[in-house]
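Notes follow once the structure below has been shown.
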Number of protein chains: 2
Amino acid sequence: MKLPPLVQAFVLHFGEMGSRWGINRTVGQIYALLYVSPDPLNAEQIVEALGVSRSNVSMGLKELQAWNLAIPKHIPDDRRDHFTTPDDVWQILRTLAEERKKREVDPTLSVLRELLMQTPGSVEERHAQQRMAEMHGLIEQLTTWYDDVKKLETERLASLLALGARVTRLLEAKDKVVGLVRGRPGKEG
Amino acid sequence: MKLPPLVQAFVLHFGEMGSRWGINRTVGQIYALLYVSPDPLNAEQIVEALGVSRSNVSMGLKELQAWNLAIPKHIPDDRRDHFTTPDDVWQILRTLAEERKKREVDPTLSVLRELLMQTPGSVEERHAQQRMAEMHGLIEQLTTWYDDVKKLETERLASLLALGARVTRLLEAKDKVVGLVRGRPGKEG
DNA sequence: CCGACATTTCAGGAATTTCTGAAATATCGG
DNA sequence: CCGATATTTCAGAAATTCCTGAAATGTCGG
């Protein structure tokens, strides 16, 4: 691997973190490399930069494309595929959230739904089902919120983030004034 | 593994998902089992329920404790350690977020900070640093928001979630009325 | 259809992670 | 301190995941 020191450090870090993020080292490194690269790179350039096999790069790029984290960019008069990462970091965040939800949350949600349909055959199963219902409720609430928030444009999302928890205070104030929660007064004393 | 069908299905699912969550099968299964169990379980009971080795359970429990996802419960007149999961699913969510942040985000944040301190030695490094700065900015904003929000009690967090993206509309309305953003008028036309 | 080049597939070896059984350590009542 | 019981450690076996090189497949201009 022959890369400017700064880039190399970044790439190596992403490789190491890979396992914690549920991707493998090469995939992490390829992503990092594409992310900081000023121009789209082709597979051969990645091979040279990272010192891994051509086939490994091919598989890594395929996985990154499945994650929508590497996008092919055609370079005129060049038959080889070139790749970049989406350049807007907010878009990357959305993509990441979407894909992780799809892979890590949705399957569990559907299993929970299925199990909650069944009739418990014992006290233990009855209790287990109650716990599953709690988990299901939480996940459903989170995903509903997520589906809702992901539609926001970057600018609004950003300003919402910037507001942080202060948002509650604002809402409470507003609650009192406008009677937002359908006539009920504010909750806190 | 001899478990009521409902429980078994749940446990097996968590085992399978384990790899996607970055934990191993046994750890996932132990967690699932404890989660749906009406009473705290000791290591031997887990061994019997899951059909894995005693030592594996020991290691699994240790890891879950490191994640604060298994908590020891002392049973009177019994020398053996018994374990449960925290019962409030919201608390579990917080714990999970906290631990994942610590393991998956913080190291990257500190690497980024370090690399951003260095002086770039070429145009490529200059560009790479700019990209890193973008990533750093995003992560920092997210963690600031997270630090802020995690202090909210469950009830407020829940009602904030329930509000979802509608929160922006409320804020815009309020913005216009109260002049929240320090005298600036609302942004959209 | 051919030849040149680009990419993908895939069997099997390498590396890593997980799991086990045996031994070591810890903790308790007496 | 002893014996009984509970837990942890850890070396190596088992399982899984990752990576490579070779072969197959795809794609283009001519």
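Letters A, B, ... are given to chains in the order of the sequence lines, protein chains preceding strands, and every chain is numbered from 1.
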(request) Spell out, as yes or no, whether a donor-acceptor pair under 3.5 Å connects the side chain of A:Glu99 to the backbone of A:Leu69. (result) no
(message) If we ignore hydrogens and angles and just use 3.5 Å, is the side chain of A:Tyr35 paired with the main-chain N or O of A:Thr85 as donor and acceptor?
(response) no
(request) Could you tell me which non-hydrogen atom of B:Glu104 sits nearest to which non-hydrogen atom of A:Trp21, and how far apart they are? (result) O-NE1, 3.0 Å
(request) Identify the two heavy atoms, one from B:His82 and one from B:Asp78, that lie closest to each other, and give their separation to 0.1 Å. (result) CE1-OD2, 3.4 Å
(message) Test of understanding: with ring pair (Phe, Tyr, Trp, His ring centres under 6.0 Å), list the residues that count as partners of B:Phe14, not counting sequence neighbours.
(response) B:Phe10
List, with names and distances, any nitrogen or oxygen atoms from the protein found under 3.5 Å away from nitrogen or oxygen atoms belonging to nucleotides 23-30 of chain C.
from: C:dT27; atom 1: O2; to: B:Arg79; atom 2: NH2; distance (Å): 2.7

(request) Quickly work out the B:Arg80 CZ to D:dT5 C1' distance and round it to whole Å. (result) 10 Å
Between the protein and nucleotides 13-15 of chain D, are there any N/O to N/O pairs under 3.5 Å, and if so, what are the atom names and distances?
none

(request) Determine, for A:Glu98 against A:Lys102, whether the closest basic-nitrogen to carboxylate-oxygen distance falls under 4.0 angstrom. (result) no
(request) Please determine if A:Glu140 and A:Arg113 form a salt bridge, counting it only when a charged side-chain N lies under 4.0 Å from a carboxylate O. (result) yes
(request) Look at the side-chain N and O atoms of B:Ser58 and state whether any lies under 4.0 Å from the OP1 or OP2 oxygen of D:dT9. (result) no
Under 3.5 Å between N/O atoms: give me all the protein pairs with nucleotides 23-25 of chain D, atom names plus distance.
none

(request) Could you tell me whether the side chain of B:Leu93 reaches within less than 4.5 Å of the side chain of A:Leu138, counting heavy atoms only? (result) yes
(request) Would you classify A:Ser19 as touching base, sugar-phosphate or nothing, given that sugar-phosphate means primed atoms plus P, OP1 and OP2, and contacts are heavy atoms under 4.0 Å? (result) nothing
(message) Using a strict heavy-atom distance below 4.0 Å, which residues from residues 38-56 of chain B are in contact with DNA chain D?
(response) B:Arg54, B:Ser55
(request) Specify the residues of residues 59-77 of chain B, ordered by number, for which at least one heavy atom lies under 4.0 angstrom from an atom of DNA chain D. (result) B:Lys62
(message) Testing the 3.5 Å rule here: is there a donor-acceptor pair between the side chains of B:Thr95 and B:Asn68?
(response) no
(message) With no hydrogens and no angle check, just 3.5 Å: does a side-chain donor-acceptor pair link A:Arg131 and B:Ser37?
(response) no
